Amino acid sequence: NSGPAALNALEKAWSIGTKGSSTALRIAEIYEDQCRSDDALKILKQALQKFSDDKAVHGALAFYYFKNGVEKKLTETHFKRTFSKGDNNFEARFNLAQFYFWDGNIDEAAALFDEINSRAPETFRNRLPSSDTIFSEKLPTYFGEVRTKENSYLFVQTPSYKNQIFVHIS
């Protein structure tokens with residue numbers, strides 16, 4: 001529920017000092033839904049001050065900065081802080097890899113996608129997304145050549161990316 005009473009309760013809980021960042025993240029989400037972007041950023045920055053190593057806060061800030069066109073290096077820094085070396089947070093790595101691809105850092109993107117491919121369980125992202133991601137919405141149209149075609153997928157080679165790209169056919 002994100003009605004006025006729920007928001008008031010969350011704001012009150014945050015002001016008296018809730019444990020963890022989830023309250024601040026929910027408040028920021030509600031602010032975004034209400035087109036209160038400046039308030040969302042303010043609460044995310046407060047959460048970062050209180051929980052400087054919180055991966056979820058860094059993720060929320062990274063997505064906020066990416067969505068709002070904030071300086072790329074700052075966005076990248078927060079995406080990098082959403083996981084730790086050797087952990088199993090493949091979704092965070094996938095987000096950073098998508099950011100790198102969007103930004104034209106193809107070698108970095110490929111390295112992260114390769115790491116995910118070699119370490120993630122087979123169930124990781126094994127379905128076609130139902131809609132564009134925040135990253136794919138901002139990508140241009142790419143042209144390439146079909147290298148392998150099967151009934152439900154194909155691999156495409158494009159000059160924009162050094163590896164062949166898996167494409168689901170629906």
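Small disclaimer: the values here were computed from a predicted structure and weren't measured.
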Measure across [X] and [Y] and return the closest heavy-atom pair with its distance rounded to 0.1 Å.
X: Ile27; Y: Leu10; answer: CD1-O, 3.4 Å
X: Asn163; Y: Ala110; answer: ND2-CB, 4.0 Å
X: Lys55; Y: Ser84; answer: NZ-OG, 3.0 Å
X: Thr158; Y: Ile165; answer: CG2-CD1, 3.6 Å

Side chains of [X] and [Y] in contact at under 4.5 Å (non-hydrogen atoms):
X: Thr141; Y: Phe143; result: yes
X: Tyr142; Y: Tyr161; result: no
X: Phe101; Y: Leu139; result: yes
X: Gln98; Y: Ser136; result: no
X: Ile106; Y: Ser160; result: no
X: Phe79; Y: Tyr100; result: no
X: Arg125; Y: Ile116; result: no
X: Lys72; Y: Asp103; result: yes

Working for side-chain contact (heavy atoms from CB on, under 4.5 Å), residues Leu7 and Tyr31: CA-CA 9 Å; Leu7 178 58; Tyr31 286 163; 3.9 Å; yes

Pairing residues for Leu74 by the side-chain contact (heavy atoms from CB on, under 4.5 Å) criterion, not counting sequence neighbours: Tyr65, Val70, Glu71, His78

Test of understanding: with salt bridge (Lys or Arg N to Asp or Glu O under 4.0 Å), list the residues that count as partners of [X], not counting sequence neighbours.
X: Glu32; answer: Lys67
X: Asp107; answer: Lys162
X: Lys12; answer: none
X: Lys80; answer: Glu76

Cationic N near anionic O, under 4.0 Å, Asp54 to Arg81: no

Flag for Tyr64-Thr75: side-chain donor and acceptor within less than 3.5 Å: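 No, Tyr64 and Thr75 have no side-chain donor paired with an acceptor closer than 3.5 Å.
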
Cluster companions of Phe155 among Ile, Leu, Val, Met, Phe, Trp, Tyr (side-chain spacing under 4.5 Å):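 Besides Phe155, the hydrophobic cluster comprises Tyr153, Phe166, listed by chain and residue number.
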
Drop me the distance from [X]'s [atom1] to [Y]'s [atom2], to the nearest 0.5 angstrom.
X: Glu91; Y: Thr82; atom1: CD; atom2: OG1; value: 10.0 Å
X: Phe99; Y: Phe94; atom1: CZ; atom2: CZ; value: 15.0 Å
X: Ile134; Y: Trp102; atom1: CD1; atom2: CH2; value: 10.0 Å
X: Ser21; Y: His58; atom1: OG; atom2: NE2; value: 10.0 Å
X: Gln157; Y: Glu145; atom1: CD; atom2: CD; value: 8.0 Å

Over 12 foreign heavy atoms within 6.0 Å of NZ, Lys149: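 No - once you tally the heavy atoms of other residues, nucleotides and ligands closer than 6.0 Å, there are 12 at most.
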
Taking only residues two or more places apart in sequence or in another chain, which ones pass side chain to side chain donor-acceptor pair (under 3.5 Å) with [X]?
X: Glu108; value: none
X: Lys19; value: none
X: Glu29; value: Arg26
X: Arg93; value: Asp87, Glu115

Check: Lys73 main-chain N/O paired with Thr77 side-chain donor or acceptor under 3.5 Å: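 It does hold such a pair.
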
Check: Phe66 main-chain N/O paired with Lys138 side-chain donor or acceptor under 3.5 Å: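 It does hold such a pair.
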
Expected list for residues 39-48: side-chain donor-acceptor pairs under 3.5 angstrom, two or more places apart:
residue : atom : partner : partner atom : Å
Asp39   : OD2  : Arg36   : NE           : 2.9
Asp39   : OD2  : Arg36   : NH2          : 3.0
Gln46   : OE1  : Trp14   : NE1          : 2.9

Those residues that, when tested against Phe83, pass ring-ring contact (aromatic ring centres under 6.0 Å, His included) (two or more places apart): none

